[in-house]
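Since the model is a prediction, treat every value here as computed from it, not as a measurement.
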Amino acid sequence: MGNKVDLVNAPPHYTESEIECKDGIKAALKGCKDSYMGWCLGNTIKYIWRFAFKGDPLEDLKKASFYLTEAIGRYEELYTDYGNLTRKK
């Protein structure tokens, strides 16, 4: 019967490198304190991670750009001191 690809638990477009995408996202966003910004940044990483391995690469890069723009907007809403992540009052 051959090896069946597990598209739910280990899709190949997220497991092409030494570490799995979800583990990279967890490590990258460990210090993120805002859930929406974290979600946007996680999506940014996800689309960059897989762009060369799934579907239309340009579409995934555009999606990454969209979510990064959302994260930047959220950051600007929340923080005034960009170096120290001091929340606006």
Look up atom [atom1] in [X] and atom [atom2] in [Y], then write down how far apart they are to the nearest 0.5 Å.
| X | Y | atom1 | atom2 | answer |
| --- | --- | --- | --- | --- |
| C21 | R50 | SG | CZ | 9.0 Å |
| K46 | D60 | NZ | CG | 8.5 Å |
| E77 | I72 | CD | CD1 | 12.5 Å |
| C40 | I45 | SG | CD1 | 11.5 Å |

Looking at side-chain heavy atoms only, is the closest gap between Y79 and E76 below 4.5 Å?
-> no
Hydrophobic cluster mates of F51, side-chain heavy atoms under 4.5 angstrom, ILVMFWY only, any path?
-> L61
For Y36, check ring-ring contact (aromatic ring centres under 6.0 Å, His included) against everything at least two apart and list the hits.
-> W39
Counting only pairs under 3.5 Å, give me each side-chain donor-acceptor contact of residues 62-69, with atom names and distances, residues two or more places apart or in other chains.
{"from": "T69", "atom 1": "OG1", "to": "S65", "atom 2": "O", "distance (Å)": "2.9"}

For the student: nearest non-hydrogen atoms of [X] and [Y], plus distance:
| X | Y | answer |
| --- | --- | --- |
| G42 | L29 | N-CD1, 3.5 Å |
| W49 | E20 | CZ2-C, 3.8 Å |
| G55 | P57 | O-CD, 3.3 Å |

